[in-house]
Amino acid sequence: LISNLRRFGLQHILVASGFHFTLIATLFMAIFGLWLPWRAVCVALLLMTTGYLLFIGLTPSVLRAWCSCTLVLCAKLLSCKSSGLNALGIGAVAVLLFEPTAADSLSFQLSFLATGAILLFYPPLHRRIKALFPTHTLSEAITFPFIEQLVVVLLAFFCSSVALVLSVSIVMLPMSLFAFHAFPLMGMLYNCFFPFVVSIAVSLLCIALLLSWIGPIAAMFFSAASCLTEGALKLVTHAPAWLDITMYRGELSGITVVLYLTLLFTIRIGHPNRLNP
């Protein structure tokens, strides 16, 4: 399974990472919000995410996600604004204070670089891509026929997914060539939808576990999660060989990668409006 997921750059789905941490936190925020006031929701999430962190272990990506989540929740409780880049920086400091040698690990480097790329490049890329298509307000979309509403939703999902994958690929392409000497180009396509499908499957599983005391309803959610998971796995385990479109490079020096990333992030941070439409 790991080998099949690696074919399409999806191996991050299998490790306990910030993706799973954020997914679980978002799901329980929605559940708590149904019957708790927002301040109580923040406190409950703080306790739950801390317990989840201790349960799965203090890995760099999970500790980063916990720091970011904790800072956002504390800012809401204190009625203050939070910054994604500041939260990422505090997460990096926390990880390095806990384990200074983590800076040498590839998981630490990939996790923080990918998150930084999303924070910096996703918003302008998303605006650029959305500008290519007609936009509609929510009040306008509600008046459309069902088929047109479905098209609007799918188009919004398409714009978000493409912008997210492009923002990460800007950083992951040189890092993958440096670390693995290969970059699966089809992974850009699979990452547009596969994490979303996994998110739905995990959400259905969590709901089924919460409703396990109601047998028939829990069985329905378990069945839906199972079918969705099976279908998602078939997309990678039964993918034909012609989909293995990979970029290879023999040796990419670390100095080249460092210079590229330094220049990339410096231009984006120093000129925040450069990528704006």
Mind listing the closest non-hydrogen atom pair of [X] and [Y] along with its distance?
| X | Y | result |
| --- | --- | --- |
| Ala25 | Leu45 | O-CD2, 3.6 Å |
| Arg7 | Val236 | NH1-O, 3.5 Å |
| Ile24 | Cys206 | CD1-SG, 3.8 Å |
| Phe221 | Ala208 | CB-CB, 3.6 Å |
| Thr246 | Ala182 | CG2-CB, 3.8 Å |
| Thr266 | Thr262 | OG1-O, 2.5 Å |

Legend entry - Ile255, CD1 atom: more than 12 neighbouring heavy atoms under 6.0 Å: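 No, CD1 of Ile255 has 12 or fewer neighbouring heavy atoms, counting only those of other groups under 6.0 Å.
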Inset, instruction - Tell me, yes or no, whether the heavy-atom count around Ile2 atom CD1, taken from other residues, nucleotides or ligands under 6.0 Å, exceeds 12. - result: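 It does not: Ile2 CD1 has 12 such atoms or fewer within range.
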Legend entry - Close aromatic pair by centroid cut-off 6.0 Å: Phe196 and Phe157: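 Ring centres of Phe157 and Phe196 closer than 6.0 Å.
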Contact check, side chains of [X] and [Y], non-hydrogen atoms, under 4.5 Å:
| X | Y | result |
| --- | --- | --- |
| Ser203 | Leu23 | yes |
| Leu264 | Phe121 | yes |
| Leu53 | Thr49 | no |
| Pro184 | Ile245 | no |
| Tyr260 | Ile170 | yes |
| Phe183 | Tyr248 | no |
| Leu263 | Leu259 | no |
| Phe222 | Leu204 | no |

Within one Ile-Leu-Val-Met-Phe-Trp-Tyr cluster: [X] and [Y], side-chain cutoff 4.5 Å:
| X | Y | value |
| --- | --- | --- |
| Val152 | Phe193 | no |
| Ile207 | Leu34 | yes |
| Leu46 | Leu54 | no |

Legend entry - Partners meeting side-chain contact (heavy atoms from CB on, under 4.5 Å) with Leu97 (sequence neighbours left out):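 Leu97 satisfies side-chain contact (heavy atoms from CB on, under 4.5 Å) with Val93 only.
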Could you measure the distance from the [atom1] atom of [X] to the [atom2] atom of [Y]? Nearest 0.5 Å is fine.
| X | Y | atom1 | atom2 | result |
| --- | --- | --- | --- | --- |
| Phe194 | Ser199 | CZ | OG | 10.5 Å |
| Phe8 | Met186 | CZ | CE | 6.5 Å |
| Leu205 | Ile200 | CG | CD1 | 13.0 Å |
| Thr50 | Leu73 | OG1 | CG | 9.0 Å |
| Asn4 | Leu10 | CG | CG | 10.5 Å |
| Leu189 | Ser161 | CG | OG | 10.5 Å |

Any donor and acceptor pair, going by atom type alone, linking the side chain of [X] with main-chain N or O of [Y] inside 3.5 Å?
| X | Y | answer |
| --- | --- | --- |
| Trp213 | Leu210 | yes |
| Ser223 | Ala219 | no |
| Arg39 | Leu77 | yes |
| Thr70 | Trp66 | yes |
| Ser105 | Ala102 | yes |
| Arg64 | Gly91 | no |

Inset, instruction - Could you walk me through whether Leu173 and Met247 pass the side-chain contact (heavy atoms from CB on, under 4.5 Å) test, one step at a time? - result: CA-CA 9 Å; Leu173 175 59; Met247 179 186 297; 3.8 Å; yes
Inset, instruction - Apply ring-ring contact (aromatic ring centres under 6.0 Å, His included) to Tyr122 and list each qualifying residue two or more places apart in sequence or on a separate chain. - result: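 Once residues adjacent in sequence are excluded, the partners of Tyr122 under the ring-ring contact (aromatic ring centres under 6.0 Å, His included) criterion are His126.
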Inset, instruction - Evaluate side-chain contact (heavy atoms from CB on, under 4.5 Å) for Leu166 paired with Met188, printing each intermediate quantity in order. - result: CA-CA 8 Å; Leu166 287 178; Met188 298 177 67; 3.9 Å; yes
Inset, instruction - Would you mind listing every side-chain hydrogen bond (donor to acceptor under 3.5 Å, both in side chains) that reaches into residues 169-193, with sequence neighbours excluded? - result: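 Listed once each, the pairs are His12-Asn191.
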Inset, instruction - Applying side-chain contact (heavy atoms from CB on, under 4.5 Å), run through Leu106 and Phe180 and close with a yes or a no. - result: CA-CA 11 Å; Leu106 190 60; Phe180 310 114; 3.5 Å; yes
Legend entry - Side-chain donor-acceptor contact under 3.5 Å, Ser253 with Thr256: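 Yes, side-chain donor-acceptor contact under 3.5 Å.
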